[in-house]
Amino acid sequence: MLKLTNTLTGTQEAFTPSDGEHVRMYTCGPTVYDYAHIGNFRTYVFEDVLRRHLLSKGWKLTHVMNITDIDDKIIRRSVELGVDIHTYTAPFTKAFFEDSTTLKIQRPDIITPATDYIPEMVELVEKLLAAGYAYREGDSIYFRISRFPNYGRLSRLDKRELKIGARIDADEYEKEEPRDFVLWKAPKDDQEPRWDAPFGTGRPGWHLECSAMAMKNLGATLDIHCGAVDNIFPHHDNEIAQSEAVTGKPFVRFWVHGEFLLVEGEKMSKSKGNFYTLRDLIERGHDPLAIRLELMRVPYRKQLNFTMEGLRGSQSSLDRVKDFLFRLKSATLEAGSDPGIASGTASARNQFEAALDDDLNTAQGLGAMFELIREANIALSENRLREDNRREIFDFFQTIEQRLAIVPPLESVVQGDQEIDALVARRNEARRNRDFAMSDQIRKELVDRGILIEDTKEGTRWRRK
RNA sequence: GGCGCCGUACCCAAGCGGUAAGGGAGAGGUCUGCAAAACCUUUAUGCAUCGGUUCGAAUCCGAUCGGCGCCUCCA
């Protein structure tokens, strides 16, 4: 049974889709004004693991993710460059999906760019105006928080006191109350993009898009809505207010928020010089799979301190998995099954499932995998492992791959290559003649070509790095 | 100041009342012509500190110290 921590209640709750079979999930996507950074991807990787786990339960899943392709930053930069916003955002949207693919993040079922949903947003604002939840001030439209008594439930706003001297009002528009938030912004100048609406020309405020696009595609009540913790307030509280004011129904059953990624113990920021995009890391030669593993090593509810040392550690862990799978694949085994290994494999599988069910405890799931690797390695050295055991272990790793997508591919590693085979044969010839100088020289040649050699009792095997 | 998360070995980390998973790094060893890989041993009578509850606590309660985040666009 899957348990998830629900921000709404602050506790772990058993999750099932409201109708028992179809999960309706919305995840906050990127604002495409620049390349996404690894902090962003920590969240997307967690959501990907959730997505994969939900699918494994046999539920039907409709997963919607937005692309915020209109906001202040986008407008400012596109104006600076003298291009329209779509011309500006298109390459970053494309880059985002390329990066996601690099990290083996599955594509959501429905992608909703904000600018494709203007009519839905306009409709929402009209309803809010009609019901008295929204008002016009100047040429902009605001949400009237005083009309929505439950406001701030998600962030437990009622328990908070405002910091003395804290800036309450983030923008310069007039409002009835400082805490009211903007639904529809009147253009400030000629350059700003705008859309016509019955209540005036303008553009949508940020919070509006998620409500409109989520409800349009998933209905009034979502099963799951994800994002990172920084979205809890005000973004998600505002979404709740807008949506529930219109529908009168609970907007979301499970709010699931990913904690922040820190870099070297501090929040990532460009000024601190600890800011990495995925592309930065790839350029430095890091393996995307190691990055993915590093991003899920710590369960989503806990802050993850990203360090280069940690990333190297993940790479080493990954190499261990790769070495093991390679060893298992190339071993010569007898038919049959060793009962000890069989039960070890079954128990690793159970532990893995239980770990993911337990609020996506990836650290524990990974632990179960490594325990099995050690057990199987010992069995391999003691010649106890049998053909059926191997099949079951490979089956398990297939499951791990479906769920976590961190299993290194073997195909590219062990594929036949006549030229390499010939070099290996020549080296073994030299070894037989005890011409170790020659043997080592050939090995060096192979290493230079990215080939690792392992001499075992069953002969020499090689693989690509 | 308020709200929230957290403090487990050199580093990362699981642990959810029954006696400290796992990964990385280091050291020593087995195997090997040498490597590589693998395996073995080794690194927490102790889980920030101090009290309390309990037959029993890293796990529950209280206090203290420390770190991080949010309260403002932000994954």
Side-chain angles (χ1 to χ4, degrees), chain A residues 7 10 12 27-31 33 36-47 68 71-73 152 155-171 206 226-235 257-262 265-269 293-294 297-299 301-307 309-324 326-327 351 355 358-359 361-374 376-378 380-382 430-431 434-437 439-440 443-444 447 452-457 460-463:
Chain A
T7 310
Q12 272 189 14
T27 58
C28 276
T31 301
Y33 69 95
H37 56 67
I38 52 167
N40 297 313
F41 281 114
R42 199 248 170 139
T43 302
Y44 300 129
V45 165
F46 130 63
E47 290 162 352
T68 300
D71 87 325
D72 292 347
K73 258 179 270 189
S155 59
R156 295 173 179 77
L157 209 63
D158 52 328
K159 285 208 220 155
R160 299 182 178 200
E161 289 168 25
L162 259 137
K163 185 181 179 177
I164 296 155
R167 200 164 51 132
I168 302 166
D169 191 358
D171 52 62
W206 174 44
C226 296
V229 287
D230 57 327
N231 282 146
I232 295 172
F233 186 84
H235 186 49
H257 290 99
E259 253 297 349
F260 257 117
L261 172 145
L262 307 175
E266 287 186 303
K267 187 170 171 175
M268 223 182 346
S269 76
L293 178 61
E294 178 67 10
R297 226 189 49 236
V298 180
R301 253 174 310 113
K302 235 181 123 177
Q303 288 176 349
L304 163 65
N305 187 16
F306 183 92
T307 63
E309 191 193 351
L311 182 54
R312 279 193 297 274
S314 284
Q315 181 65 259
S316 300
S317 303
L318 212 55
D319 287 343
R320 179 171 165 80
V321 177
K322 197 199 282 183
D323 291 334
F324 166 68
F326 174 62
R327 185 183 183 195
Q351 282 175 40
D358 184 13
D359 210 7
N361 193 336
T362 42
Q364 200 168 56
L366 258 3
M369 173 183 79
F370 281 111
E371 245 174 301
L372 178 64
I373 288 179
R374 192 159 54 81
N377 262 323
I378 294 172
L380 237 20
S381 333
E382 292 174 353
R431 289 173 71 217
R434 306 195 70 77
D435 183 357
F436 297 121
S439 155
D440 287 347
R443 178 165 62 198
K444 186 176 179 310
V447 166
L452 296 181
I453 292 289
E454 290 178 18
D455 298 322
T456 73
K457 288 188 189 102
T460 301
R461 58 192 188 204
W462 64 268
R463 61 195 172 91

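Chain letters run A, B, ... following the sequence lines, proteins first, then strands; residues in each count from 1.
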What distance, rounded to whole Å, do you find between the two [atom1] atoms, one in [N] and one in [M]?
N	M	atom1	value
B/G23	B/U41	P	13 Å
B/C3	B/U8	C1'	26 Å
B/A13	B/G18	C1'	23 Å
B/G52	B/U59	C1'	15 Å
B/U42	B/U49	C1'	30 Å
B/C73	B/G22	C1'	40 Å
B/A21	B/G29	P	27 Å
B/C47	B/G7	P	14 Å

Hey, does [X] reach any base, or is it just sugar-phosphate, or nothing, if we go heavy atoms under 4.0 Å?
X	value
A/L380	nothing
A/R42	nothing
A/P30	nothing
A/S439	base
A/E454	base
A/D323	sugar-phosphate
A/G265	sugar-phosphate
A/G258	nothing
A/R461	nothing
A/H235	nothing
A/R434	sugar-phosphate

TODO: Quick one: list whatever passes ring-ring contact (aromatic ring centres under 6.0 Å, His included) with A/F306, sequence neighbours left out.
DONE: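 Counting only residues at least two positions away or on another chain, A/F306 forms no ring-ring contact (aromatic ring centres under 6.0 Å, His included).
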- [ ] Could you tell me which residues satisfy ring-ring contact (aromatic ring centres under 6.0 Å, His included) with A/H235, sequence neighbours excluded, listed by chain and number?
- [x]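 Only A/W206, A/H207 meet the ring-ring contact (aromatic ring centres under 6.0 Å, His included) criterion with A/H235.
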Which nucleotide in the set [options] lies at the smallest distance from any side-chain heavy atom of [X]?
X	options	answer
A/R156	B/G4, B/C34, B/C71	B/G4
A/R320	B/G23, B/A13, B/A75	B/G23
A/E259	B/C40, B/A25, B/C5	B/C5
A/I378	B/A75, B/C39, B/G22	B/C39
A/P299	B/G33, B/A13, B/A75	B/A13
A/K267	B/G69, B/A25, B/G22	B/G69
A/Q303	B/C34, B/A75, B/G69	B/G69
A/E309	B/C11, B/A75, B/G69	B/C11
A/D440	B/A75, B/G33, B/A38	B/G33
A/R374	B/C39, B/A75, B/A25	B/C39

Between [atom2] of [N] and [atom1] of [X], the distance in whole Å:
X	N	atom1	atom2	answer
A/D230	B/C68	CG	P	18 Å
A/F233	B/C73	CZ	C1'	13 Å
A/E371	B/A21	CD	C1'	6 Å
A/I232	B/C5	CD1	P	10 Å

Distance test, side-chain N/O of [X] to OP1/OP2 of [N], below 4.0 Å:
X	N	value
A/S314	B/G24	no
A/T31	B/A75	yes
A/N361	B/A14	no

Task: N-O pairing of A/R443 and A/D440 below 4.0 Å - done: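 Salt bridge between A/R443 and A/D440, a charged N being under 4.0 Å from a carboxylate O: yes.
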Task: salt_bridge(A/R461, A/E454) N-O dist < 4.0 Å - done: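 Yes.
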TODO: Examine the base of B/C68 for any acceptor or donor lying under 3.5 Å from a partner atom in the side chain of A/N305, and report the outcome as yes or no.
DONE: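 Checked by distance alone, the answer is no.
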Open item on the list: So is the aromatic ring of A/F370 stacked onto the base of B/G22, judging by whether the centres are under 5.5 Å apart and the planes are under 30° apart?
Closed with: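 A stacking contact does not exist, since A/F370 is not both close and nearly parallel to the base ring of B/G22.
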Task: Closest-nucleotide ordering on RNA chain B, the 5'-leading residue of A/C28 and A/L452 - done: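 Final value for this comparison: A/L452.
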Task: Earlier contact from the 5' end, RNA chain B, for A/F436 and A/K73 - done: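 Counting from the 5' end, the first nearest nucleotide belongs to A/F436.
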Below 3.5 Å is the cut-off: list the nitrogen or oxygen pairs between protein and nucleotides 6-9 of chain B, distance only.
none

- [ ] Would you mind pulling out the nucleotide paired to B/U45, Watson-Crick or G-U wobble, both distances under 3.5 Å?
- [x]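 In the structure as shown, B/U45 has no Watson-Crick or wobble partner.
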